[in-house]
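This one's a predicted model, so the numbers in the text were calculated from it and none came from an experiment.
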Amino acid sequence: MRIDLHTHSTASDGTDSPTELVQAAVRADVDVLAITDHDTTAGWAEAAAALPSGLRLVRGMEMSCEGRDEDGRPVAVHLLAYLFDPTAREFANERERLRGERVARLRAMATKMAADGLPIDFDAVMADAGQVVGRPHLARALVEAGVVSSVDEAFAGPLSVRSPYYVEKEDTPLERAVEMVNAAGGVSVIAHARARSRGRLVALDSIRELADRGLAGLEVDHPDHGGSDVDLLRSLATELDLIVTGSSDYHGTNKTIELGQYTTAPESFDAIVARASGVPVLSAPPGDAMTVEDGTAVEDGTTQEATGDLRRIR
């Protein structure tokens, strides 16, 4: 089985619509696909509606969090949340707050750039963005304006944390994020914990503490992890009895990584499904109706969730 548990659509900073993401997964011979847009579930319904027979869909999200590095300083950490109930009120409110932080940050950065004479129009960037905005949308605007030649160059220059245009945002404390995911019946996995190219790293002792508070897993096999760090994370996961995942972190043309380039073992996927109680994995048999793995029909992006309550994907 080919299982890719970390991908993005135009609902956040990917370049494929949720429908196109599902189609790309089929072309890549992926058997299980997770849609994990930043701080939103906005792509869930469209991805579910596009699901063909033979492909299973894990509904998830990548959450913007703040952890601590080895020196105790704040550091950005991303938390993958799988199969949570999107109607859980505290978690829904926090996602809404995070999306507001993203808009405020983007506005502030665009304003700084425009004041320095860079041809960036915040309103135009927002008009081209999806449900959730982020630095990749500014990066594409900088490429289109001829300021940089690529998205990677934008992130290495005007969008880097060392740039005078960079603006912080208030992310969710990592411990609270894990607790909220768990309370919503979801499964939490720290994304790309040793992605050195992104800057400072979350402390390993912090991960140990999170394991005691309900963290479920670590994303080990990832395009931004070197061999020694893969070994380190795999050993840490064994020590803490955490689920090991592997994922492409696919963003369409925003990155060169292909869907399914890094994958999760079937036993790890089974462990995630067994641990979740928020929403089930979706699959589509031949015919018009979508099904969840307990056999309940799904049409037009709505589903009878695993708890038995009728809830709509929002």
Side-chain angles (χ1 to χ4, degrees), residues 4 6-17 20-21 24 28 36-40 62 64 66 69 74-78 98-99 101-169 171 191-202 219 221-227 229 247-262:
D4 194 333
H6 186 171
T7 71
H8 297 271
S9 76
T10 51
S12 65
D13 59 344
T15 59
D16 293 351
S17 69
E20 291 167 339
L21 176 62
T36 53
D37 283 306
H38 293 281
D39 304 323
T40 187
E62 186 173 14
S64 302
E66 180 182 289
D69 69 6
V75 63
V77 183
H78 286 174
L98 286 170
R99 293 193 294 272
E101 284 284 320
R102 286 178 168 275
V103 172
R105 193 261 292 268
L106 201 72
R107 183 189 299 274
M109 292 182 69
T111 299
K112 285 186 174 187
M113 290 178 179
D116 260 5
L118 295 181
I120 294 299
D121 181 333
F122 170 75
D123 292 332
V125 173
M126 289 295 295
D128 289 339
Q131 296 287 331
V132 177
V133 296
R135 284 185 295 162
H137 298 106
L138 270 181
R140 290 202 293 268
L142 289 167
V143 172
E144 291 169 4
V147 176
V148 294
S149 61
S150 68
V151 168
D152 286 345
E153 184 181 340
F155 271 91
L159 298 181
S160 77
V161 295
R162 297 169 296 279
S163 167
Y165 306 119
Y166 184 78
V167 174
E168 295 283 353
K169 56 185 173 68
D171 292 334
H192 43 70
R194 306 299 287 180
R196 296 180 182 274
S197 63
R198 301 180 184 224
R200 292 179 292 111
L201 305 176
V202 64
E219 187 178 54
D221 296 305
H222 184 277
D224 289 345
H225 285 166
D229 283 322
S247 312
S248 66
D249 199 355
Y250 174 80
H251 281 70
T253 58
N254 272 348
K255 291 186 176 182
T256 57
I257 295 299
E258 298 296 327
L259 267 171
Q261 192 165 335
Y262 293 80

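No side-chain heavy atom of Thr111 sits under 4.5 Å from any side-chain heavy atom of Phe122. Using a 4.5 Å heavy-atom threshold, the side chains of Met109 and Leu159 count as touching. Proximity of Thr15 to Arg140: side-chain heavy atoms (C-beta onward) are separated by under 4.5 Å at one or more points. Side-chain contact check for Val103 versus Met126: some heavy-atom pair is nearer than 4.5 Å. Side-chain contact between Thr7 and Leu259: present, with at least one pair of heavy atoms (C-beta onward) separated by less than 4.5 Å.
Rounding to the nearest 0.5 angstrom, the gap separating the CZ atom in Arg194 from the CG atom in Asp229 is 5.0 Å. Between the CZ atom of Arg198 and the NE2 atom of His192 there is a distance of 3.5 Å, given to the nearest 0.5 Å. Rounding to the nearest 0.5 Å gives a distance of 13.0 Å between CG of Leu142 and NE2 of His137. Here NZ of Lys169 is found 11.0 Å from CG of Leu106. Values are rounded to the nearest 0.5 Å. Atoms OH and CD, from Tyr250 and Glu258 in turn, are 7.0 Å apart once rounded to the nearest 0.5 Å. The line from CG of Asp224 to CD1 of Ile257 is 7.5 Å long, rounded to the nearest 0.5 Å.
Here the shortest heavy-atom pairing between Ser12 and His38 reads OG-N, 3.3 Å. Listed here is the closest heavy atom pair of Ser248 and Pro223: O-CG, 3.3 Å. Of all heavy-atom pairs between Val167 and Ala108, the closest is CG2-CB, 3.9 Å. Of all heavy-atom pairs between Pro158 and Ser163, the closest is O-OG, 2.8 Å. Heavy atoms only, all atoms of each residue included: Ala11 and Thr40 are closest at O-CG2, 3.8 Å. Of all the heavy atoms in Glu168 and Arg105, the pair that sits closest is O-CG, 3.8 Å.
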Checking Val147 against Met113 for the side-chain contact (heavy atoms from CB on, under 4.5 Å) test, could you report, in this order, the C-alpha distance in whole Å, the side-chain angles of both residues, the deciding distance, and whether it holds?
CA-CA 11 Å; Val147 176; Met113 290 178 179; over 6 Å; no
Residues Tyr165, Leu138; criterion side-chain contact (heavy atoms from CB on, under 4.5 Å); working and verdict
CA-CA 11 Å; Tyr165 306 119; Leu138 270 181; over 6 Å; no
Go through it in stages, so that I can follow the logic: the residues are Asp249 and Tyr262, the test is side-chain contact (heavy atoms from CB on, under 4.5 Å), and I'd like the CA-CA distance, side-chain angles, deciding distance and then a yes or no.
CA-CA 9 Å; Asp249 199 355; Tyr262 293 80; over 6 Å; no
Begin from the C-alpha positions of Arg135 and Tyr166 and carry the test side-chain contact (heavy atoms from CB on, under 4.5 Å) through to its verdict.
CA-CA 10 Å; Arg135 284 185 295 162; Tyr166 184 78; 3.7 Å; yes
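Side-chain contact annotation: Ser64 with Arg102, donor-acceptor N/O pair under 3.5 Å present. His8 and Asp16 are not linked by any side-chain donor-acceptor pair at a separation below 3.5 angstrom, with hydrogens and angles left out of the test.
In this structure, the side chain of Glu66 does not engage the main chain of Asp171 through any donor-acceptor pair within 3.5 Å. A side-chain donor-acceptor contact under 3.5 Å links Arg200 to the backbone of Pro74. Between the side chain of Asp37 and the main chain of Ser9, a donor-acceptor pair closer than 3.5 Å is present. Judged by distance alone, the side chain of His78 and the main-chain N or O of Ala76 form no donor-acceptor pair under 3.5 Å. Side chain of Asp121 to main chain of Ala124: a donor-acceptor pair is present (N/O by atom type, distance under 3.5 Å, no hydrogens or angles). Judged by distance alone, with hydrogens and angles left aside, the side-chain atoms of Asp69 form no donor-acceptor pair with the main-chain N or O of Val75 at under 3.5 Å.
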